[in-house]
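Here is the structure we will look at, set down as structure tokens.
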Amino acid sequence: PLRRRAALGAAESPTNQRSPHPSPGPPRPQPSLRLEPDFPDGGEPSAERLRRQRVCLERLGRPALLSDVRGTVRALSGSGPGEVTVRYTFNEWLSFMDVPASPLPPAPADGSEPPAERFSFALCVPPSLREGSALHFAIRYRGAQGEHWDNNDGRNYTLRCLRDPEGCPEAAAAPRD
């Protein structure tokens with residue numbers, strides 16, 4: 001025989017029963033995070049540094065979003081084409097990724113700097129990056145004259161994941177200069 005379930009009255013309905021564990025309420029917005037360079041000059045290359053290393057970080061864009069890290073690289077022009085890759089990690093080099101950089105048109109020559117190729121790169125940042133963690137990277141150039149690195153004089157380039165001082169997600173998405 002089939003049994004009928006008794007209908008629950010309003011006082012007994014599951015939605016009206018008190019839970020032994022109070023609800024945390026509406027979800028709290030996640031703190032707004034940003035990546036802040038942890039190197040003093042932003043990697044600005046000098047002609048002397050470019051001659052010595054053969055490859056230099058030219059510029060690191062201030063990421064408007066945590067997931068958006070972009071930059072440009074200069075490499076001394078050699079005989080034949082060269083390639084640039086950016087090696088980066090989120091776990092203190094337990095593992096790493098190599099991302100190829102794309103060639104850019106040459107910058108206007110001003111006479112004081114050696115002729116150089118320019119490249120752009122973009123790094124994918126995982127959404128799991130948390131406050132206090134770091135992204136480390138170094139730049140490799142391979143050309144006819146061998147392999148050359150720019151690793152910020154052995155310290156690597158480091159971006160620290162910090163709480164945005166404005167503290168709201170809208171502020172984190174706003175472009176920065």
Provide the closest heavy-atom pair for Leu129 versus Leu33 in the form atom of the first, atom of the second, distance.
O-CD1, 4.0 Å

With sequence neighbours left out, what residues match Asp38 under side-chain hydrogen bond (donor to acceptor under 3.5 Å, both in side chains)?
Arg160

By side-chain hydrogen bond (donor to acceptor under 3.5 Å, both in side chains), which residues pair with His136, not counting sequence neighbours?
Glu92, Thr158

Taking every non-hydrogen atom, the tightest pair across Gln53 and Asp153
OE1-OD1, 3.8 Å

In chain order, what residues pass the ring-ring contact (aromatic ring centres under 6.0 Å, His included) check against Tyr141, with sequence neighbours excluded?
none

Once salt bridge (Lys or Arg N to Asp or Glu O under 4.0 Å) is applied, do any residues pair with Arg155, and if so which ones, sequence neighbours excluded?
none

Rounded to the nearest 0.5 Å, what separation is found between the CZ atom of Phe90 and the SG atom of Cys161?
10.5 Å

Please identify each residue that fulfils side-chain hydrogen bond (donor to acceptor under 3.5 Å, both in side chains) with Glu83, with sequence neighbours left out.
none

Closest non-hydrogen atom pair, Val86 against Ile139:
CG2-CG1, 4.3 Å

Donor-acceptor contacts, no H, no angles, side chain residues 96-103, under 3.5 Å, sequence neighbours left out:
unit_1, atom_1, unit_2, atom_2, d
Asp98, OD1, Arg87, NE, 2.7
Asp98, OD2, Arg87, NH2, 2.9

Where does the angle between the aromatic ring planes of Tyr157 and Phe137 fall among parallel (under 30°), tilted (30 to 60°) and perpendicular (over 60°)?
parallel

Nearest heavy-atom pair of Gly82 and Phe119: which atoms, and what distance?
O-CZ, 3.9 Å

So how far is it from Ser133 OG to Leu35 CG, rounded to the nearest 0.5 Å?
8.0 Å

To the nearest 0.5 Å, what is the distance between SG on Cys56 and NE2 on His148?
12.0 Å

Closest contact, heavy atoms only, Ala138 versus Asn151:
CB-CB, 3.9 Å

Rounded to the nearest 0.5 Å, what separates atom CG in Leu135 from atom CG in Leu159?
5.0 Å

Excluding sequence neighbours, so at least two apart, what forms side-chain contact (heavy atoms from CB on, under 4.5 Å) with Thr85?
Arg140

Set of side-chain hydrogen bond (donor to acceptor under 3.5 Å, both in side chains) partners for Ser95, sequence neighbours left out
Asn91

Can you tell me how far apart CG (Asp150) and CD (Glu58) are? Round to the nearest 0.5 Å.
12.0 Å

Would you please name every residue forming a salt bridge (Lys or Arg N to Asp or Glu O under 4.0 Å) with Glu48, sequence neighbours left out?
Arg52

Separation between CZ of Arg54 and CG of Leu76, rounded to the nearest 0.5 Å
4.5 Å

